[in-house]
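Count residues from 1 along the sequence. Side-chain atoms are counted along with the backbone in the values below, which use heavy atoms only and exclude waters and symmetry mates.
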Amino acid sequence: MAENWLDKVKWDENGLVPAIAQEKSTDKVLTLAWMNRESLAKTVATGEAHYWSRSRKRLWKKGEQSGNVQKVLEIRLDCDEDAVLIRVEQGGGIACHTGRHNCFFQKLDDGRWVTVDPVIKDPREIYGR
């Protein structure tokens, strides 16, 4: 019988694995999120990124509120089999809930965090808050 590909992933004690979303066209890291078996399976089945929200304790589709869906182009498993890389096409050019292109917009500069990437769209316009 064929090996279940989900069984190869080394899930942590909470049944999660870190998932790095990378924009395939630029190789830019967009975000780090978490996946459980269900979200990874749903990502593969639909071709769109689904994650597990640790704070809301529920499955969520990237872009379900904002419309900035991540179309999955490739999925990779790291050498230790305990982290997933999801190469995506980022809908709307915005991956971060702050309205920025990616979530890594703060850079350590001389002992302090400095915002180095601009807001593309006000989050209140995206989420209505």
Side-chain angles (χ1 to χ4, degrees):
M1 182 156 76
E3 174 186 15
N4 182 344
W5 60 272
L6 285 166
D7 291 338
K8 189 165 175 105
V9 178
K10 292 181 183 161
W11 308 97
D12 73 8
E13 62 278 357
N14 297 309
L16 301 174
V17 67
I20 301 160
Q22 180 185 44
E23 188 171 48
K24 189 168 183 186
S25 64
T26 65
D27 286 337
K28 188 167 215 164
V29 173
L30 300 174
T31 194
L32 169 73
W34 295 88
M35 294 182 128
N36 62 6
R37 288 177 75 93
E38 181 184 6
S39 61
L40 184 52
K42 194 161 190 170
T43 295
V44 170
T46 65
E48 296 177 339
H50 289 74
Y51 300 104
W52 177 257
S53 171
R54 295 181 303 165
S55 59
R56 293 174 279 173
K57 305 223 182 310
R58 72 169 183 86
L59 194 70
W60 60 281
K61 175 184 170 185
K62 175 64 181 137
E64 67 188 10
Q65 287 184 296
S66 68
N68 298 323
V69 173
Q70 290 177 340
K71 180 181 174 190
V72 176
L73 305 174
E74 181 177 52
I75 300 175
R76 295 182 179 222
L77 185 61
D78 80 331
C79 59
D80 293 325
E81 300 174 348
D82 63 358
V84 174
L85 175 67
I86 312 233
R87 298 193 41 144
V88 303
E89 178 183 293
Q90 179 60 59
I94 298 172
C96 185
H97 75 280
T98 65
R100 292 177 173 85
H101 179 66
N102 69 82
C103 296
F104 297 97
F105 58 87
Q106 298 177 83
K107 176 178 146 183
L108 187 60
D109 184 12
D110 198 26
R112 56 190 189 99
W113 294 105
V114 178
T115 299
V116 294
D117 293 328
V119 171
I120 296 169
K121 189 171 186 180
D122 186 325
R124 291 173 293 204
E125 291 179 42
I126 298 170
Y127 300 104
R129 292 186 224 146

Backbone of H50 reached by a side-chain donor or acceptor of T43 within 3.5 Å:
yes

Mind checking the CG-CG spacing from L77 to D82? Nearest 0.5 Å is all I need.
8.0 Å

For D27, which residues count as a salt bridge (charged side-chain N to carboxylate O under 4.0 Å, His left out) partner, sequence neighbours excluded?
R87

Could you report the tightest heavy-atom contact between Y51 and K62, atom names first, then the distance?
CE1-CB, 3.9 Å

D122 and R124 ion-paired at < 4.0 Å
yes

Provide the closest heavy-atom pair for L73 versus V88 in the form atom of the first, atom of the second, distance.
CD1-C, 4.0 Å

Just verifying a value: how many Å separate R100 CZ and Q106 CD, rounded to the nearest 0.5 Å?
7.5 Å

Examine V9 and L59 and state if one hydrophobic cluster contains both, with Ile, Leu, Val, Met, Phe, Trp and Tyr joined whenever side-chain heavy atoms are less than 4.5 Å apart.
no

Supply the atom-to-atom distance R37 CZ to N4 CG, rounded to the nearest 0.5 angstrom.
5.5 Å

Spell out, yes or no, whether V17 and W5 are grouped together once hydrophobic residues are joined by side-chain heavy atoms under 4.5 Å, including indirect joins.
yes

Smallest heavy-atom separation, Q70 atom then T31 atom, equals NE2-CG2, 4.4 Å

With a 4.5 Å heavy-atom cut-off, do W11 and L16 have their side chains touching?
no

Can N102 and E23 be said to form a side chain to side chain contact (heavy atoms under 4.5 Å, CB included), step by step?
CA-CA 9 Å; N102 69 82; E23 188 171 48; over 6 Å; no

Using side-chain heavy atoms (C-beta onward) and a distance below 4.5 Å, is W34 in contact with N14?
no

Heavy atoms of I86 and M35 approach each other most closely as CD1-CE, 3.5 Å

Return the minimal non-hydrogen interatomic distance between A95 and C103, and the atom names on each side.
O-SG, 4.3 Å

Cluster overlap V84 with L32, hydrophobic side-chain contacts below 4.5 Å
no

Separation between CG (L30) and CD1 (I94), nearest 0.5 Å, reads 11.5 Å

Look only at the side chain of Q90 and the backbone of N68, and say whether a donor-acceptor pair between them is shorter than 3.5 Å.
yes

Do the side chain of D78 and the main chain of A83 share a donor and acceptor less than 3.5 angstrom apart?
yes

dist L6:CG -> N36:CG (nearest 0.5 Å) comes out at 10.0 Å

Report the distance from atom CD of E74 to atom CG of L85, rounding to the nearest 0.5 Å.
7.5 Å

Counting N and O atoms only, with roles assigned by atom type, does the side chain of W52 sit under 3.5 Å from a partner on the main chain of E38, one being a donor and the other an acceptor?
no

Is there a side-chain contact between V72 and T46, using heavy atoms and a 4.5 Å cut-off?
no

Should the heavy atoms of other residues, nucleotides or ligands under 6.0 Å from CZ of R112 be counted, would the total exceed 12?
no

Under the criterion side chain to side chain contact (heavy atoms under 4.5 Å, CB included), I'd like the reasoning laid out for H101 against D117: C-alpha separation, chi angles, the key distance, then a yes or no.
CA-CA 8 Å; H101 179 66; D117 293 328; over 6 Å; no

